[in-house]
Amino acid sequence: MAFIELNVLNNTAEPILGIDLGTTNSLAALWRDGRPEILKPEGHPGRIPSALYFPKDGGEPAVGQVVRERALVDPEGTIFSIKRFMGCGLADVKDELESVQFPASETAEGLLQFDVRGRKLTPQEISARILMRVQDVACKALGGHKLKRAVITVPAYFDDTQRQATHDAARIAGIDVARIINEPTAASLAYGLDQRKEGKIAVYDLGGGTFDISILSIDSGVFRVLSTSGDTHLGGDDLDRTLVALALEELIPKVGQETAQDPGFLQGLRLAAERCKHELSLNPEADFHFSIPDQDLRWHRRVKRAEFEKLIGPLVARTLDACRRVLSDAKLQASDIDEVVLVGGSTRVPAVRKAVEEFFGRAPHNELDPDQVVALGAAVQGHILSGGTRDILLMDVTSLSLGLETMGGAVSKIVVRNSPIPCQVTEGFTTYADNQTGIDFNIVQGERELAADCRSLGRFKLTGIPPMPAGMAKVSVRFQLDANGVLNVTAREESTGAIAEIEVQPMHGLQDDQVESMLQASYDNAQDDFDHRRAADLKVEIGTMIRASESNMEIASQALDPESLADLKDAIQKGHDVATLKDVNEVQAVRDELEQATLPLAAILMDSVAKKAVAGKHLSEI
Ligand code: AMP
């Protein structure tokens with residue numbers, strides 16, 4: 001099954017919301033100030049659980065965070081994952097119905113409906129409630145401004161009936177659908193992949209309850225779904241279940257079979273397992289805590305990430321089986337894929353990311369929040385449909401490299417050109433001279449090899465480095481570029497914690513044509529730049545060799561034969577004069593001669609170090 005999304009523009013000035021109507025959570029985004037943004041009222045995460053709670057007394061159903069809480073005390077009144085039933089008839093979902101506690105029947109029109117505590121509701125009507133809540137939250141975030149039009153996302157495998165059901169849900173909610181788009185397409189849009197002329201994209205989406213893998217092709221800005229696969233019963237909940245099973249092994253002997261089957265008990269344990277799983281995404285070990293104060297139950301266990309990875313191994317392997325199928329359906333190999341995009345909260349699990357990277361042989365895009373990427377992409381589509389352009393989105397990658405001037409005037413690139421932003425890169429540096437207590441940093445922008453040919457964005461100094469031999473200090477420098485293009489550079493000396501930082505705006509005052517000409521200059525000067533850089537690096541190396549030789553001159557004068565000593569002095573002098581040399585071959589010759597001339601001294605020093613090491617020791621101890 002393949003869907004082609006037509007790129008028909010529908011110009012209207014009214015902003016269009018992007019809504020991700022998810023199986024587990026739903027959220028809205030809007031294009032604002034040149035980029036898509038998740039709509040969150042103050043103090044609210046913006047994300048709404050896609051679940052409803054029906055009170056026992058038949059009162060109005062509750063939507064949102066409160067449902068998760070109600071589910072703990074009254075699980076029978078809660079309905080989750082309604083998306084699985086969208087556009088389905090009773091016969092289509094016989095097996096699925098086992099997971100829903102409400103009796104199901106069909107309407108006169110053949111639509112599935114659930115009998116929830118005295119009222120009959122179709123999945124469309126239930127989804128409409130979720131959509132209304134999403135729209136409300138968006139409205140609050142926009143200071144009370146209610147947007148009526150929306151782009152809504154659906155899984156790529158949704159057929160026409162399921163898409164129509166989503167349309168109907170929106171209509172019931174009073175939302176005007178500007179377009180229904182595929183979730184993987186939205187994720188690709190969020191990453192600006194529509195800017196590619198052509199290419200093949202794999203979108204790996206592991207959410208709470210479902211797994212989808214889609215292969216898209218992009219051709220002149222138009223996405224086409226080549227194949228989709230997945231598993232509608234595989235997701236983060238299954239990862240949680242492996243931990244729940246682990247806990248039950250120890251808990252059943254304590255609480256008994258009956259309590260262990262209690263829905264409230266299990267729900268509490270599931271939430272505890274999920275917390276532990278989240279912590280394991282950050283740390284190599286995590287605490288798995290579960291307590292029921294009324295029953296005086298307190299249980300606790302440390303879980304190692306490796307142990308968790310072993311438990312989930314078969315589940316991750318199942319997702320890769322689906323990746324193999326989807327590639328074979330599209331008649332492609334993993335190596336044909338140009339971009340891999342991660343979607344869904346469960347792609348935060350390090351073992352999942354690693355498995356995907358190894359399978360496709362390339363690092364997947366994960367710079368955006370995997371829970372938000374679909375809504376962000378829907379907002380991009382909304383912006384395009386309301387007549388906007390997205391040139392500005394090109395700013396989502398750094399258009400010029402950012403780096404530091406190193407000794408000798410060369411540039412060490414830290415954030416390379418075309419890195420997606422926001423991003424963060426940390427690199428280690430050290431001191432050049434003995435007892436150096438400060439380092440001057442010059443932040444530069446551009447593609448040239450020497451700092452003098454780049455744009456200097458700012459300078460700052462790190463002081464307070466304790467005196468120590470050259471090369472011993474450990475200074476980590478972090479470049480952090482936020483979504484607004486603001487660069488924060490922090491330098492930190494590890495042993496004392498001394499810190500210095502600066503904030504600059506790399507693109508401030510730069511016009512597109514200036515960026516172009518900076519890039520052109522780097523192409524035009526590529527060979528010369530390479531030679532200059534090499535010469536600068538060689539000069540630094542020569543400086544280090546001279547300092548090492550000069551500090552041992554006394555030993556050299558006593559121990560070297562006159563000819564070697566004269567050669568060494570001569571080579572050191574030439575080394576001192578190298579600053580004026582420009583030709584890289586001449587600098588290389590000076591360096592090689594110096595190296596040659598230091599060999600006899602190096603041999604003597606090695607010898608004396610070895611002698612010291614063995615001094616006073618019996619041969620058998622060596
Ligand atoms: P989604 O359906 O995309 O909202 O994904 C929800 C799933 O992502 C749930 O199973 C969450 O437990 C899981 N999830 C969210 N954050 C993390 C995390 N940091 N580590 C592991 N799983 C996570």
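Numbering of ligands and ligand atoms starts at 1, following listing order. Below, all heavy atoms of this structure are taken into account, side chains as well, without hydrogens, waters or symmetry copies. Predicted model only: the values in this text are computed from it and were never measured.
Residue L206 has no nitrogen or oxygen atom sitting less than 3.5 Å from a nitrogen or oxygen atom of ligand 1, judged on distance alone. Residue D240 has no N or O atom closer than 3.5 Å to an N or O atom of ligand 1.
With F114 as the fixed residue, the ring pair (Phe, Tyr, Trp, His ring centres under 6.0 Å) test singles out one of F54, F85, F102: F85.
Of all atoms in ligand 1, listed by their number and element, those nearer than 4.0 Å to a heavy atom of T24 are 2 (O). The distance from ligand 1 to the heavy atoms of G344 drops below 4.0 Å at these ligand atoms: 3 (O). Ligand 1 places these atoms under 4.0 Å from at least one heavy atom of N25: 4 (O). Taking a cut-off of under 4.0 Å to the non-hydrogen atoms of D371, the atoms of ligand 1 that pass are 1 (P), 3 (O), 4 (O), 5 (O).
Protein heavy atom at the shortest distance from atom 11 (C) of ligand 1 is E274 OE2, 3.2 Å. For atom 19 (N) of ligand 1, the closest heavy atom belonging to the protein is R348 CD, 3.4 Å. With hydrogens left out, the protein atom closest to atom 22 (N) of ligand 1 is K277 CE, 3.5 Å, a heavy atom. Nearest protein neighbour of atom 21 (C) of ligand 1, counting heavy atoms only, is S281 OG, 3.2 Å. When hydrogens are left out, the protein atom nearest atom 3 (O) of ligand 1 is G345 N, 3.0 Å; that is the closest non-hydrogen contact.
Q480 and Q424 share a side-chain donor-acceptor pair at under 3.5 Å. For E367 and H365, the side-chain atoms include at least one donor-acceptor pair closer than 3.5 Å. A donor and an acceptor atom, one from each side chain of T232 and T210, are nowhere located under 3.5 Å apart. Using modelled atom types and a 3.5 Å distance limit, the side chains of Q164 and D160 yield no donor-acceptor pair.
When ring centroids are compared, F211 and Y204 come within the 6.0 Å threshold.
Distances from atom 7 (C) of ligand 1 to the heavy atoms of S26, P350, G208, P49 put G208 nearest.
Between R196 and E339, at least one side-chain nitrogen of the basic residue sits less than 4.0 Å from a carboxylate oxygen of the acidic one, meeting the salt-bridge criterion. With respect to R318 and D321, no salt bridge is recorded, no charged nitrogen being found less than 4.0 Å from a carboxylate O.
At least one cation-pi condition fails for R301 and F288: the charged atom is not both under 6.0 angstrom from the six-membered ring centre and inside a 45 degree cone around its axis.
The closest approach between S346 and ligand 1 falls below 4.0 Å for a heavy atom of the residue.
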